[in-house]
There are 2 protein chains.
Amino acid sequence: MRKLKVISFGLGPIGCSIAKLALSRTDQLEVIGAVDANPALVGKDLSELTGGEKPTGITVVNSGRGLYDKADAVLHATSSFLSVAESQLMEFCENGVDVVSTNEELAFPWFNHKESAERLDAAAKKGGVTLLGTGVNPGFVLDVLAITLSGVCANVSEVRATRILDATKRRVPFQKKVGIGLTTGEFEENVKTGKFGHIGLPESIAMVSDTLGSPIEKIEQNIAPKIAEAPIMTEHFGRVEAGRVTGLVQDGKGYSKGRIVARYHIEMYAQAQNPHDEIELFGTPTIKLQITGGTPGDIATAAIIVNSISRVVDSEPGLKTVRDLRPASSVLI
Amino acid sequence: MRKLKVISFGLGPIGCSIAKLALSRTDQLEVIGAVDANPALVGKDLSELTGGEKPTGITVVNSGRGLYDKADAVLHATSSFLSVAESQLMEFCENGVDVVSTNEELAFPWFNHKESAERLDAAAKKGGVTLLGTGVNPGFVLDVLAITLSGVCANVSEVRATRILDATKRRVPFQKKVGIGLTTGEFEENVKTGKFGHIGLPESIAMVSDTLGSPIEKIEQNIAPKIAEAPIMTEHFGRVEAGRVTGLVQDGKGYSKGRIVARYHIEMYAQAQNPHDEIELFGTPTIKLQITGGTPGDIATAAIIVNSISRVVDSEPGLKTVRDLRPASSVLI
């Protein structure tokens, strides 16, 4: 098999993890370019960002133009929001290069971002390009696992998913994202922006319900702070006093046919007890799956992006979601 | 969406469960025929075999000829062995009808039945047909779940899978299959036939290893009896005396690159304690998934066959395995 040529586009912490893993898959992949708009990164050798011992010979540039022609796929990690990412994704479509993206709203844009989804699908088909948004969540735990598990059910009446994770095991931007150290007032202000908490919960709920033949009608979300009952010590934020925020509790309910068909519950806070992922499908039969300790977020995100390259390159063109494609798979070493 | 027209081919206990579920999916499916070679079944209305209250108007016939032209897919449940099923599968290919089959050896025939796999793949492509072998096992727990879980791993060094199930929760032919009530001597004679125990373990191991980029070189299997330490009561076999067989313990080791890459362990016996399915991937990260109580075998098998119809109909022609296709999904009711 020929090696697939990829561009790392977006070099924040997750983008760098993706680039590092892609660089390590020397028998499958060739990283041919690295792109980031941040002037502080442009001009550096990619190894400086990925902790590599030797220079890669790949210099970070601020635009993908000039690289697309040689590439099979772009590994895109710039933003959780389609409002930011759509123009970048359009550029990839116009240049005929397949895309695996961490963009949470791209994972299933057909419910909350239908017009954007239609524009991207049309552009992807016109450019002969496959677009996929994936990651651990959305893209794996709360959607692919639930859909896959449903395969052994004669029917399902309700999908319940729970994800409890210790935020201090994650990268610093993630810890900030869940609000560690904030006052409750600051937390509430953040919630009001609509850009706070786990992005992608509605996408997972809508994907699962739609795939199981019941298009979602309404999703209710609630984001509440988790409050320190006693002071706790954190590596990055130091001492978090009692009464301050240690993270968040996020609930989502999906309605279809006028009733609740999906109940999702996420807790992401510092020093969370009993971290785990759980999918429970009520139906015939009722069945429950658990990932002990939970899916380790940051390395797992890089893994599923890199593991998705071949299935995206092999797919027919269009805006695809993880429900449309064969499972992403790792490599035995 | 138009309803897909299906033929139930093979009407043993599993075939009847499949037919019953397919008949219940009235908004998606239309059962247009029922086929079984057993003269005792031919001529009956399908409802007599599926416990339906009203006649279906579908009379069991002993050949699919005359039905294929109108069908989108055959739901095939006749045998665990390709030596029995290949001629039936060839007939489906010649008649241009897609196939979802419970045949265990069809799940991944590329290792143990390579020539048969090549003949079937060629015939399927010639006939414009998709062939898929699936089920709970092979087809779900010990392969799809392991492959899907690997998607969040940067790499995997070893796959371990465990399945513990209470055989008395399963259909009677299954209980016979695991040897309940036999003497150890009878059990060993059965093992020698090579047709005893769980069929499909090598298929799962080979599929996982091959999908993760390490084609399997050798598989070692061992099947040992589980012996009653004290008398136990079973619904079908009555009292099983101490010293008699209550079921089996089956181990499989897959070798690739000269070392063990997969260790599979199955226990199927009467009144098994702590039934569960577990996949553990050692690697970066190490990750463990468990299905509490295990996947309920017989209804789950019918479900995954019926849930696979649309993905098989949508697939391009050829002999496919579950690693090639999108996840099978159930329906929300």
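Throughout, protein chains are lettered first and strands after them, A, B, ... in sequence-line order, and every chain is numbered starting at 1. These values consider heavy atoms only, across backbone and side chains, with no hydrogens, waters or symmetry-generated copies. What you see is a predicted model; the values in this text were computed from it and never measured.
- Between B/Ile219 and B/Gly254 the shortest heavy-atom distance is CG1-CA, 4.3 Å.
- Annotation: side chain of B/Leu11 is in contact with side chain of B/Leu46 (closest heavy-atom distance under 4.5 Å).
- Annotation: maximal heavy-atom pairing with chain A below 4.5 Å, among B/Pro327, B/Ala303, B/Gly151, occurs at B/Gly151.
- Contacts of A/Ile287 with chain B are made by side-chain atoms alone, with heavy-atom separations under 4.5 Å and no backbone atom involved.
- Taking chain A as the reference chain and counting heavy-atom pairs below 4.5 Å, the highest number among B/Ile304, B/Val156, B/Ile147, B/Leu145 is found for B/Val156.
- Residues B/Ile309 and B/Val6 meet the side-chain proximity criterion, which asks for heavy atoms closer than 4.5 Å.
- Between the CD1 atom of B/Ile305 and the CD1 atom of B/Ile18 there is a distance of 5.0 Å, given to the nearest 0.5 Å.
- Considering all non-hydrogen atoms of both residues, B/Ile216 and B/Ala206 come closest at CG2-CB, 4.0 Å.
- By the 4.5 Å heavy-atom criterion applied to side chains, A/Ile291 and A/Phe140 are counted as neighbours.
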Enumerate, including both backbone and side-chain atoms, all donor-acceptor pairs under 3.5 Å from chain A to chain B.
residue: A/Arg25; atom: NH2; partner: B/Ala154; partner atom: O; Å: 2.7
residue: A/Ser150; atom: OG; partner: B/Ser330; partner atom: N; Å: 2.9
residue: A/Gly151; atom: O; partner: B/Ile304; partner atom: N; Å: 3.3
residue: A/Gly151; atom: O; partner: B/Asn307; partner atom: ND2; Å: 2.9
residue: A/Cys153; atom: O; partner: B/Asn307; partner atom: ND2; Å: 3.1
residue: A/Cys153; atom: O; partner: B/Ser330; partner atom: OG; Å: 2.8
residue: A/Ala154; atom: O; partner: B/Arg25; partner atom: NH2; Å: 2.7
residue: A/Val156; atom: N; partner: B/Val331; partner atom: O; Å: 2.9
residue: A/Val156; atom: O; partner: B/Ile333; partner atom: N; Å: 2.8
residue: A/Leu212; atom: O; partner: B/Leu332; partner atom: N; Å: 2.8
residue: A/Lys257; atom: NZ; partner: B/Leu332; partner atom: O; Å: 3.0
residue: A/Arg259; atom: NH2; partner: B/Ile333; partner atom: O; Å: 2.3
residue: A/Lys288; atom: O; partner: B/Thr292; partner atom: N; Å: 3.1
residue: A/Gln290; atom: N; partner: B/Gln290; partner atom: O; Å: 2.8
residue: A/Gln290; atom: O; partner: B/Gln290; partner atom: N; Å: 2.8
residue: A/Thr292; atom: N; partner: B/Lys288; partner atom: O; Å: 3.1
residue: A/Ile304; atom: N; partner: B/Gly151; partner atom: O; Å: 3.3
residue: A/Asn307; atom: ND2; partner: B/Gly151; partner atom: O; Å: 2.9
residue: A/Asn307; atom: ND2; partner: B/Cys153; partner atom: O; Å: 3.1
residue: A/Ser330; atom: N; partner: B/Ser150; partner atom: OG; Å: 2.9
residue: A/Ser330; atom: OG; partner: B/Cys153; partner atom: O; Å: 2.7
residue: A/Val331; atom: O; partner: B/Val156; partner atom: N; Å: 2.9
residue: A/Leu332; atom: N; partner: B/Leu212; partner atom: O; Å: 2.8
residue: A/Leu332; atom: O; partner: B/Lys257; partner atom: NZ; Å: 3.0
residue: A/Ile333; atom: N; partner: B/Val156; partner atom: O; Å: 2.8
residue: A/Ile333; atom: O; partner: B/Arg259; partner atom: NH2; Å: 2.3

Assess whether side-chain contact (heavy atoms from CB on, under 4.5 Å) is satisfied between B/Leu106 and B/Leu319, documenting all intermediate values. CA-CA 9 Å; B/Leu106 185 66; B/Leu319 168 57; 3.6 Å; yes

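- For chain B, the nearby part of A/Val322 is the backbone; its heavy atoms alone come within less than 4.5 Å.
- With a 4.5 Å cut-off on non-hydrogen atoms, A/Leu149 touches chain B through its backbone and its side chain both.
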Apply side-chain contact (heavy atoms from CB on, under 4.5 Å) to B/Val99 and B/Val312, showing your working. CA-CA 7 Å; B/Val99 182; B/Val312 162; over 6 Å; no

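- Looking at every heavy atom in both residues, B/Leu142 comes nearest to B/Val208 through O-CG2, 3.6 Å.
- When all heavy atoms are compared, the tightest approach of A/Ala22 to A/Val306 is N-CG2, 4.1 Å.
- Contact tally against chain A (heavy-atom pairs below 4.5 Å) for B/Gly283, B/Ala302, B/Cys153, B/Pro285: the top residue is B/Cys153.
- Interface remark: B/Ile333 contributes backbone and side-chain atoms alike to the contact with chain A (heavy atom separation under 4.5 Å).
- Heavy atoms of A/Val331 lying under 4.5 Å from chain B belong to its backbone as well as its side chain.
- Taking chain A as the reference chain and counting heavy-atom pairs below 4.5 Å, the highest number among B/Ala300, B/Gly294, B/Pro296 is found for B/Ala300.
- Of the listed residues (A/Ala154, A/Ala146, A/Gly213), the one with the most heavy-atom contacts under 4.5 Å to chain B is A/Ala154.
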